[in-house]
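Below is one structure, written out as structure tokens; comments come after it.
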Amino acid sequence: MNNRQLFLDHVAQTSPKPIGIEMASAEGVWLTDTNGKKYIDGIAGFSVCNIGHGNPAVIKAVQEQAAAYMHVIVYGEFIEQPQVAYAKLLTQYLPPALNCVYFTNSGAEATEGAMKLAKRITNRTKIIAANNSYHGSTQGALSVMGDEYFRNAFRPLLPDVYHYDYGSDELIEAIDSATACVIIETVQAESGVTAPSEKWMKALRAKCDQHCVLLILDEIQAGFGRTGTLWAFEQYDIVPDILLLGKALGGGMPLGAFIAYQRLMNTLTYAPVLGHITTFGGHPVSCAAGKAAFEELIAHTEWINNIPSKAAILKTRLQHPSIVSVNCFGLWMSVQFASPKMTQAVAHACVQNGLVTDWFLFAPDRIRIAPPLIITEEELHRLCDMVLKSIDEQKK
Ligand code: PLP
């Protein structure tokens, strides 16, 4: 029996149409399948592989840490050097109000921890979230996900959660002194890369301050340079109370984090003690990999600095009568077609033509372009050629 059938038979399936290619190796922006066919990774493993695949410094860090020790004890009991070093480094690149890192296993768990922290600090329960948001698939994270289709089958979920349109006045007006936190993505990913105005973000921050409400910004997809700055919130001249990181945080290994001011974070230490615990969160190998990847990202300043010129290539090249519109924020783009059917056909053709792409959870009429930041201009032109060829094939 071939591996595809074994995959379908024995690995739990959640997608009715998984891409289903079997990869043999990955290097830089290139993926190679078991038949030797090469693909450009046009979505960076869903914004995980921002510095590309197979970075030698990351591989070395993983090997060295795996040889030194892997799991030794649950989170927060021993001093694990990779955790300490990565937390110190990350906080050097964050504002002073974000000086304490809680490492988790995943983005969803970072969302869970952050919402618990907000409830613990404020002693309130009301949570405000945005329509079309995605913060993870666990039940707390699902409660704040902005789409009833995905929530409904799993009710009852968290009570006292209210959704409003991202960027709307209604969302800001709903914030009051019963609200524990507002949780939003700094740039909303799954609605097809939607960015709010700076005016709205500042008004949101001000209203949260007025009522002592914690502002949680989810940069699990937007962080680590994707938007053209290290953190997307820098472009809005605001600082969240809690920042959520994941995906690229682990340099290809599983890792998430919620980050806050230490005095706030310390409320998880008492009443009750062990306010948020995890066995594997902040795994030493994940932290070693993440730190090595982060060091690479900040050492190669050109990877982020060149994003505007690379985004310009995408915007200039990706013009076609079948393209209805594009959203672009940094090296992060959604390309809209007339219908979800057309989008799926183009995405499928892209894979056939050697470009891995996908659509968006709440924008099924858009394909996703978010390659590793290390992509060269020449590779970017090849990516555009493949998209345009895939669109043209739909007419035949
Ligand atoms: N938040 C955002 C914006 C995401 O895109 C994701 C994952 O896609 C998550 C949270 C959840 O992260 P994870 O899949 O690691 O639980």
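Predicted model only: the values in this text are computed from it and were never measured.
A single hydrophobic cluster is not seen to contain both I184 and L361; linkage of ILVMFWY side chains at heavy-atom distances under 4.5 Å, directly or through other members, places them apart. One hydrophobic cluster, built from ILVMFWY side chains closer than 4.5 Å, holds both M201 and W332. When hydrophobic clusters are built by joining Ile, Leu, Val, Met, Phe, Trp and Tyr residues whose side-chain heavy atoms come closer than 4.5 Å, directly or via intermediates, L264 is grouped together with I127.
Counting only N and O atoms by type, the side chains of T376 and E379 include a donor and acceptor under 3.5 Å apart. For the residue pair D160 and Y162, a side-chain donor N or O sits within less than 3.5 Å of a side-chain acceptor on the partner. Y39 and D33 are linked by a side-chain donor-acceptor pair at a separation below 3.5 angstrom, with hydrogens and angles left out of the test. H320 and D392 share a side-chain donor-acceptor pair at under 3.5 Å. Between the side chains of R124 and H211, not a single donor N or O lies within less than 3.5 Å of an accepting N or O. Side-chain contact annotation: T32 with K38, donor-acceptor N/O pair under 3.5 Å present. Between D176 and T179, the side chains place a donor N or O and an acceptor N or O closer than 3.5 Å (distance only, hydrogens not considered). Counting only N and O atoms by type, the side chains of N99 and T91 include no donor and acceptor under 3.5 Å apart. Side chains of S133 and E185: no donor on one and acceptor on the other come within 3.5 Å. Residues E109 and T138 have side chains that never bring a donor and an acceptor to within less than 3.5 angstrom of each other. Looking at D9 and Q5, their side chains do bring a donor and an acceptor atom within 3.5 Å of each other.
When the options Y164, Y236, Y166 are evaluated for a ring-ring contact (aromatic ring centres under 6.0 Å, His included) with W200, the one that passes is Y166.
Partners of N123 by side-chain hydrogen bond (donor to acceptor under 3.5 Å, both in side chains), not counting sequence neighbours: none found. Considering only residues two or more places apart in sequence or on other chains, T278 meets the side-chain hydrogen bond (donor to acceptor under 3.5 Å, both in side chains) condition with N105.
Between F224 and W303, the ring centre distance reaches or exceeds 6.0 Å. Residues Y102 and Y75 place their aromatic rings such that the two centres sit under 6.0 Å apart. Ring centers of F294 and Y93: under 6.0 Å apart, within the cut-off.
Between the side chain of D41 and the main chain of G45, a donor-acceptor pair closer than 3.5 Å is present. Q65 contributes a side-chain N or O that, together with a main-chain N or O of Y69, makes up a donor-acceptor pair within less than 3.5 Å. Of the possible polar contacts, one joining the E219 side chain to the A232 backbone as a donor-acceptor pair under 3.5 Å is found. Judged by distance alone, with hydrogens and angles left aside, the side-chain atoms of S286 form a donor-acceptor pair with the main-chain N or O of P254 at under 3.5 Å. Between the side chain of K291 and the backbone N or O of A87, no donor-acceptor pair lies under 3.5 Å. The backbone N or O of T104 sits nowhere less than 3.5 Å from a side-chain atom of H283 that would complete a donor-acceptor pair. For K207 (side chain) and I175 (main-chain N/O), a donor-acceptor pair under 3.5 Å exists by modelled atom type. Of the possible polar contacts, none joining the N50 side chain to the A248 backbone as a donor-acceptor pair under 3.5 Å is found. Judged by distance alone, with hydrogens and angles left aside, the side-chain atoms of E393 form no donor-acceptor pair with the main-chain N or O of S390 at under 3.5 Å.
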Is there a salt bridge (Lys or Arg N to Asp or Glu O under 4.0 Å) between K116 and E112 once you walk through the steps? CA-CA 6 Å; K116 281 173 67 184; E112 299 288 342; over 6 Å; no
Kindly determine whether K341 and D365 satisfy salt bridge (Lys or Arg N to Asp or Glu O under 4.0 Å), including the steps that lead there. CA-CA 8 Å; K341 194 163 167 253; D365 57 348; over 6 Å; no
Checking side-chain contact (heavy atoms from CB on, under 4.5 Å) for the pair H348/Q344: CA distance, chi angles, key distance, verdict? CA-CA 6 Å; H348 182 72; Q344 285 193 19; over 6 Å; no
Under the criterion ring pair (Phe, Tyr, Trp, His ring centres under 6.0 Å), I'd like the reasoning laid out for F103 against Y86: C-alpha separation, chi angles, the key distance, then a yes or no. CA-CA 10 Å; F103 284 116; Y86 196 17; 5.8 Å; yes
May I have the step-by-step check of side-chain contact (heavy atoms from CB on, under 4.5 Å) for T186 and T227, ending in yes or no? CA-CA 10 Å; T186 316; T227 62; over 6 Å; no
Could you give me the CA-CA distance, side-chain angles and deciding distance for D218 and H135, then say whether side-chain hydrogen bond (donor to acceptor under 3.5 Å, both in side chains) is met? CA-CA 7 Å; D218 178 343; H135 301 288; 2.8 Å; yes
Step by step, would you call E22 with R4 a side-chain contact (heavy atoms from CB on, under 4.5 Å)? CA-CA 8 Å; E22 186 178 351; R4 183 179 166 79; over 6 Å; no
Report the C-alpha separation of D165 and L171 in whole Å, then their side-chain angles, then the decisive distance to 0.1 Å, and conclude whether the side-chain contact (heavy atoms from CB on, under 4.5 Å) test is met. CA-CA 7 Å; D165 284 349; L171 190 149; over 6 Å; no
Please determine whether salt bridge (Lys or Arg N to Asp or Glu O under 4.0 Å) holds for the pair D209 and R205, giving the CA-CA distance in whole Å, both sets of side-chain angles, and the decisive distance to 0.1 Å. CA-CA 6 Å; D209 288 343; R205 177 68 273 185; 2.8 Å; yes
Steps toward side-chain hydrogen bond (donor to acceptor under 3.5 Å, both in side chains) verdict (E148, N152): CA-CA 5 Å; E148 186 56 19; N152 196 272; 2.6 Å; yes
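Heavy-atom minimum distance, K310 versus L331: CB-CD1, 3.9 Å. G282 and C287 get closest at one heavy-atom pair: O-SG, 3.6 Å. V387 and C350 make their closest contact through CA-SG, 4.1 Å (heavy atoms, listed as atom of the first residue, atom of the second, distance). Residues A114 and L244 approach most closely at CB-CD2, 3.5 Å, considering heavy atoms. Counting all heavy atoms, side chain and backbone alike, S325 lies closest to R366 at OG-NH2, 3.1 Å. Across all non-hydrogen atoms, the minimal contact from A203 to I172 is CB-CD1, 3.8 Å.
Here the straight-line distance linking atom CD of Q221 with atom CD of Q188 works out to 10.5 Å at 0.5 Å rounding. Put simply, CE on M265 and NE2 on H276 are 10.0 Å apart, with the number rounded to the nearest 0.5 Å. I43 CD1 to I367 CD1: the interatomic distance, rounded to the nearest 0.5 Å, is 10.5 Å. Remark: I128 CD1 to E170 CD distance equals 12.0 Å, nearest 0.5 Å. Distance check: M23 CE to H53 NE2 gives 8.5 Å after rounding to the nearest 0.5 Å. L215 contributes atom CG, which lies 10.5 Å from atom CZ of F233 (distance to the nearest 0.5 angstrom).
Under a cutoff of 6.0 Å and an axis angle of 45°, R368 and F360 form a cation-pi pair. Because its NZ or CZ atom is both nearer than 6.0 Å to the ring centre of Y270 and within 45° of the ring axis, R120 counts as a cation-pi partner of that residue.
Under the 30°/60° scheme for interplanar angles, the aromatic rings of F150 and F362 are found to stand perpendicular.
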